[in-house]
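So the structure is just underneath, and the comments pick up after that.
To find a chain, count down the sequence lines: A is the first, B the second, and so on, and within it residues start at 1. Note that these values count all heavy atoms, side chains included, but never hydrogens, waters or copies made by symmetry.
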Number of protein chains: 2
Amino acid sequence: MRARLKDVAAKAGVAPNTASTILNRRPNSWASKETEQRVFDAAKELGYRPSRAALGLRMGSFKTIGLVIPDLHNPYYTAFADRFERKLRDHGYDLIVEHSRNNIEFEMHCLESILDRQIDAVTYFVSDFDRHIDFLKTAKKAGKAVVGMTGLSAAEDPFPFDSVEIDFSVGLIDAVEHLLALGHENFAFLCALAAGQEAGDRPQVFNEMLKERGIPEGNNVFIACTHKMANVYEVFKRFLLEAGDSRPTALIAMNDLSAIGAIRAAEDAGLRVPEDLSVIGVDNIPLGDYLHRKLTTIEQPIEAMAESAVRMLLKRLSDQEIDFQTMRFDSKLIIKETTAKVRT
Amino acid sequence: MRARLKDVAAKAGVAPNTASTILNRRPNSWASKETEQRVFDAAKELGYRPSRAALGLRMGSFKTIGLVIPDLHNPYYTAFADRFERKLRDHGYDLIVEHSRNNIEFEMHCLESILDRQIDAVTYFVSDFDRHIDFLKTAKKAGKAVVGMTGLSAAEDPFPFDSVEIDFSVGLIDAVEHLLALGHENFAFLCALAAGQEAGDRPQVFNEMLKERGIPEGNNVFIACTHKMANVYEVFKRFLLEAGDSRPTALIAMNDLSAIGAIRAAEDAGLRVPEDLSVIGVDNIPLGDYLHRKLTTIEQPIEAMAESAVRMLLKRLSDQEIDFQTMRFDSKLIIKETTAKVRT
DNA sequence: TTGTAGGCGTTATCAT
DNA sequence: ATGATAACGCCTACAA
């Protein structure tokens with residue numbers, strides 16, 4: 001059996017609480033240096049490590065925060081989780097990661113499960129605010145801190161929690177204008193949706209953006225697929241084959257992974273990238289730089305986003321009463337090798 | 001504040017222990033159907049969820065098992081984690097994933113941290129047995145189950161714990177013979193090593209394997225790099241440029257991600273894949289099928305491996321006394337598009 | 001059928 | 001400067 005505090009105390013010849021005080025370097029104990037040393041030695045010798053269960057029970061907190069990501073297989077999210085954990089650890093917190101498998105139903109399960117663990121706070125990627133509102137209320141009632149990572153700052157009321165907001169529009173507009181400058185006039189938008197997730201107003205947003213720049217509505221198409229590579233590939237390849245000569249010359253895929261699948265689909269449909277089809281992804285995953293053609297992409301500043309999330313979390317945990325905050329970040333177009341002038 | 005058992009009991013007008021008995025569906029309570037219903041209703045109404053902290057403390061177990069993977073960014077490991085978690089959940093266990101960032105030092109920290117959490121068992125990828133032996137002893141003493149995922153079944157004594165063993169040699173031999181059949185005579189082996197990890201006997205193993213097949217030792221080179229894509233790229237590109245015309249015509253990279261980085265390095269060094277350089281990876285990550293050239297690779301049966309690991313874990317948890325077991329799996333060469341006849 | 005008491009490992013309060 | 005005691009939420013005997 002593992003050594004408990006009691007064992008350490010016994011070995012050092014002091015009472016458990018004394019040992020506790022010393023081990024935690026609490027100031028109110030003016031124990032003699034010599035006693036302290038005895039306790040430290042005993043702890044080390046026994047390989048003592050405090051029980052998180054007991055700690056959690058006693059303190060009402062595990063010094064642990066939860067993160068729910070939609071997809072464990074997407075480097076974008078794992079990169080975020082990684083940064084997030086590092087920063088958290090610097091402040092003495094542990095991280096537990098759950099992944100909702102791109103399934104909104106299951107995401108609820110993840111959130112609940114995190115709440116069960118007497119976790120101090122939850123950070124998650126807000127995919128569907130309406131479906132999460134109940135969870136958010138529960139979390140609030142339980143006194144848990146919540147930080148939401150939110151996308152398109154929709155017309156909705158502001159997210160009633162701390163949030164890190166990524167504004168796609170900047171990068172997206174730059175992407176579109178980059179393509180327009182290259183002479184493109186026919187666009188496709190490929191959007192991987194989570195199970196149970198609706199396209200929402202995305203198609204309209206794209207239409208609008210293009211119309212403002214003189215591209216008629218008929219010149220762009222919105223394609224929905226799932227997050228599975230196989231599905232992305234199939235859907236886009238079929239689309240290309242059916243579209244024939246009236247196919248778009250430029251594709252914006254809403255994440256890099258789908259962009260990769262789409263590129264191969266295009267190649268298998270007889271197109272070259274970027275000569276016949278320009279492709280822009282979103283996320284700027286590291287892998288993008290090592291493909292046959294480096295993937296032009298819209299970058300999100302995950303490092304800064306993770307840091308902000310942690311800062312907000314810590315602030316909230318130390319002071320429940322402050323107002324909710326929102327940090328905004330801009331996305332940014334990174335031009336690499338998958339876009340080219342449209343062929344005439 | 002969150003509802004406790006006491007609150008539920010009070011609301012239902014019964015004693016806490018009665019509520020406990022009912023909620024846990026223990027048979028010895030012959031509470032009236034009506035009382036039971038009152039308790040269930042009260043629990044639901046209050047949103048009662050038992051405290052994992054208290055449960056863990058009382059029961060000495062969190063019904064949670066830990067998994068330490070070397071790299072959260074490698075789809076191979078996340079795929080394993082995913083399968084592993086599904087199977088575990090089917091049996092009522094939760095999973096906590098830590099990643100050691102390809103750092104053996106840090107891996108120890110992860111393992112310790114998992115032990116701290118009153119976790120029931122640990123599964124991890126054994127990278128360096130000697131450095132883990134102390135941890136293993138501790139875990140055993142603490143009564144934790146351990147399942148190791150082990151690679152090359154080295155000459156060492158058998159792993160003194162339950163283990164899932166993947167035998168690379170089958171796939172590796174097939175890969176080499178595949179390349180020999182294509183006329184290759186000069187080989188490179190690219191091996192990403194974790195921080196603090198030694199190449200060990202890998203170079204000798206490769207040499208041996210080739211010598212047995214009539215390839216002199218001078219015809220193959222062992223290249224070590226880290227797990228960072230940037231490093232893989234740099235190291236391999238420099239190697240190619242320095243090697244010049246005496247460069248190998250075939251590369252076996254010890255994981256798919258490195259293979260991808262190496263391919264781009266080769267392209268940037270003016271080589272075409274597979275015409276000028278054949279490349280074989282290891283892992284068969286899904287992404288490999290969507291590259292410009294589908295990546296020929298050595299597959300590991302992660303689905304079956306995850307299932308075995310779970311089976312062993314459960315068996316061990318229900319009966320400490322059985323002998324240690326080892327499940328063996330073979331790797332398998334999957335020929336796709338990155339190998340070709342050597343140019344003459 | 002229900003209530004009472006003890007303990008899991010820890011920290012906090014109060015007394016010595 | 002140190003030690004005894006209670007409490008965190010839950011489960012499990014055992015007593016009523």
Is any side-chain nitrogen or oxygen of [X] closer than 4.0 Å to OP1 or OP2 of [N]?
X: B:S20; N: D:dC11; result: yes
X: A:T35; N: D:dT2; result: yes
X: A:S32; N: D:dA1; result: no

Is there a residue in residues 42-62 of chain B whose heavy atoms reach under 4.0 Å of DNA chain D, and which residues are they?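 Hits under 4.0 Å, by residue number: B:Y48, B:P50, B:S51, B:A54, B:L55, B:R58, B:M59.
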If I take atom [atom1] in residue [X] and atom [atom2] in nucleotide [N], what distance separates them, rounded to the nearest angstrom?
X: B:I22; N: C:dG3; atom1: CD1; atom2: P; value: 11 Å
X: B:L23; N: D:dG9; atom1: CG; atom2: P; value: 16 Å
X: A:L5; N: C:dT11; atom1: CG; atom2: P; value: 6 Å
X: A:E36; N: D:dT2; atom1: CD; atom2: P; value: 9 Å
X: B:N24; N: D:dT12; atom1: CG; atom2: C1'; value: 11 Å
X: B:K6; N: C:dG3; atom1: NZ; atom2: P; value: 15 Å
X: A:R4; N: C:dT11; atom1: CZ; atom2: C1'; value: 17 Å

Would you tell me whether A:S163 and A:T150 have side-chain atoms, one donor and one acceptor, within less than 3.5 Å of each other?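 No, A:T150 and A:S163 have no side-chain donor paired with an acceptor closer than 3.5 Å.
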Please identify each residue that fulfils ring pair (Phe, Tyr, Trp, His ring centres under 6.0 Å) with A:Y76, with sequence neighbours left out.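 Applying ring pair (Phe, Tyr, Trp, His ring centres under 6.0 Å) to A:Y76 gives none.
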[Y] backbone acceptor or donor facing [X] side chain under 3.5 Å:
X: A:T18; Y: A:V14; result: no
X: B:R83; Y: B:A306; result: no
X: A:R101; Y: A:F106; result: no
X: A:T78; Y: A:P75; result: yes
X: B:R316; Y: B:I322; result: yes

Those residues that, when tested against B:K144, pass salt bridge (charged side-chain N to carboxylate O under 4.0 Å, His left out) (two or more places apart):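 Listed in chain order: nothing, the list is empty.
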For DNA chain D, the dot-bracket pattern of Watson-Crick and G-U pairs whose distances stay under 3.5 Å, | for other-strand partners: ||||||||||||||||
If you check every side-chain atom of B:A15, which of D:dG9, C:dG3, C:dT10 has the closest atom?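 So the nucleotide nearest the side chain must be C:dG3.
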Below 3.5 Å, can you tabulate the donor-acceptor pairs from side chains in residues 39-48 of chain A to any protein atom, sequence neighbours excluded?
{"unit_1": "A:D41", "atom_1": "OD1", "unit_2": "A:Q37", "atom_2": "NE2", "d": "3.1"}
{"unit_1": "A:E45", "atom_1": "OE2", "unit_2": "A:K11", "atom_2": "NZ", "d": "3.3"}

Sub-3.5 Å pairs of nitrogen or oxygen atoms, protein against nucleotides 14-16 of chain D:
none

Ring geometry between B:F324 and B:F161 (parallel below 30°, tilted from 30 to 60°, perpendicular above 60°):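 Geometry flag for B:F324 against B:F161: tilted rings.
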Do B:E303 and B:K87 sit within salt-bridge range, that is, some charged N less than 4.0 Å from a carboxylate O?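 Salt bridge present between B:E303 and B:K87.
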